[in-house]
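Working notes, beginning with the structure itself.
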Amino acid sequence: MIDRREFLKKSGLAAIGTVAAFSKSGSALLQEETADLGKSKLKEESIPVVISTWKHGIAANEASWKILSNNGTALDAVEQGVRVPEADPDVQSVGYGGLPDRDGYVTLDACIMDEKGNCGSVAYLQNIMHPISVARMVMEKTPHIMLVGDGALQFALANGFKKENLLTKKSKEAWLKWKKESNYSSHKLKGHDTIGLLAIDKAGNLSGACTTSGLAWKYHGRVGDSPLIGAGMYVDNEIGAAAATGKGEAVIKISGSFLVVELMRNGKSPQEACEIAVNRIVKKQPEYIDKYFQVGFIALDKQGRYGAYSVKNGFQFALYRNNMNQLLDSKFFIENQK
Ligand code: ASP
């Protein structure tokens, strides 16, 4: 695949320029990138766009879209979007109903970032159903970016959040079953279902949110990529946004979401940027071949173009644009071993 700049140059469309190609309403004529120059065509694209990880992204996108279609901000949209799986007991990887760590505690990580580069984050937070809203409050009400553990809990309680038991019967039973069989084998760390959600609003501003209960059966106290700005999620309103899911340790090692945004800054399309980041993991982390290893990235750029790519098959993402909310299969590097 060629990058957009290269394509515009080759097809003689460079004179249109990215900015000139967009009308003020946000509707835009975008060049569809294809490997085959002959087949490429100008296609009507539009903003807003919402993209999020996994199947539970569909319901999250709905909530985000409601805000965006009423001229709301991307920041409100990403927060309200991810609150949906946070409150859903059937989503066992985020918020209420999340699978616990190996000692039976549900510990939550989340972060949020707006179009001005403001960001907030909480990690190892317990007993609060909506860590994303606590993260937003850290961003808006403190001079800090990240609060963790008991400090984050005290901050949440002081700001009106309620203390709740987040360990549902279903998740407790799964944990008890795991405890019997596991022998604390680190190979059996499960997860991969964090919600990362990116949005661009009608004004053309980008924001992102990421929230998770982390890998199931993790060490007590373990924090993954999801609350780390630049690892689990990153936004640069000049360029684009990215979010990650899967084995947090692998994402942290390459500063995954920051890397994807920087690749877009250097002219890569969102799709190419996600693919290059996955290739970086594959090249430097030979354990990518392990059965339980997975990492997936999603990306959205300033023009509303998107990308998604994962190490293994099975990663899905939800895309809402042109009034349509779809669950799509991501392209991937390698088929998982059975
Ligand atoms: N990235 C998350 C973590 O490592 C896990 C996931 O995506 O489910 O905590």
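Every number for a ligand or one of its atoms is a count from 1 in the order of the listing.
Close N/O approach between Asp225 and ligand 1 is found [any backbone or side-chain N/O within under 3.5 Å]. Ligand 1 has no nitrogen or oxygen under 3.5 angstrom from a nitrogen or oxygen of Thr212. When only interatomic distances are considered, the shortest N/O to N/O separation between Glu249 and ligand 1 does not fall below 3.5 Å.
To the nearest 0.5 Å, atom NE2 of residue His130 and atom CE of residue Met137 are 12.5 Å apart. Separating the CD atom in Gln80 from the OG atom in Ser64 is a distance of 8.5 Å, to the nearest 0.5 Å.
Taking every non-hydrogen atom of Gly214 and a distance limit under 4.0 Å, the qualifying atoms of ligand 1 come out as 9 (O). Each of the following atoms of ligand 1 lies closer than 4.0 Å to a heavy atom of Thr245: 6 (C), 7 (O). Against a heavy-atom cut-off of under 4.0 Å, Leu215 is close to the following atoms of ligand 1: 4 (O), 5 (C), 9 (O). Under a 4.0 Å criterion applied to the non-hydrogen atoms of Asp193, ligand 1 contributes the atoms 6 (C), 7 (O), 8 (O).
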What side-chain donor-acceptor pairs closer than 3.5 Å can you find for residues 151-163, not counting sequence neighbours?
from	atom 1	to	atom 2	distance (Å)
Gln154	NE2	Asp150	OD1	3.2
Asn159	ND2	Phe155	O	2.8

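With Tyr219 as the aromatic partner, Arg102 meets the cation-pi criteria of under 6.0 angstrom to the ring centre and within 45 degrees of the ring axis.
With a 4.0 Å heavy-atom cut-off, ligand 1 is reached by the side chain of Ser226 but not by its N, CA, C or O.
Inter-residue side-chain proximity for Leu197 and Val50 is flagged as met; some heavy-atom pair is nearer than 4.5 Å. Looking at heavy atoms from C-beta onward, Met233 lies out of side-chain contact with Phe258 at the 4.5 angstrom threshold.
Between the side chains of Ser171 and Gln92, at least one donor-acceptor pair of N or O atoms lies under 3.5 Å.
For Arg222, the heavy-atom gap to ligand 1 drops under 4.0 angstrom.
Comparing Gly232, Gly246, Gly248 against atom 1 (N) of ligand 1, the shortest heavy-atom distance belongs to Gly246.
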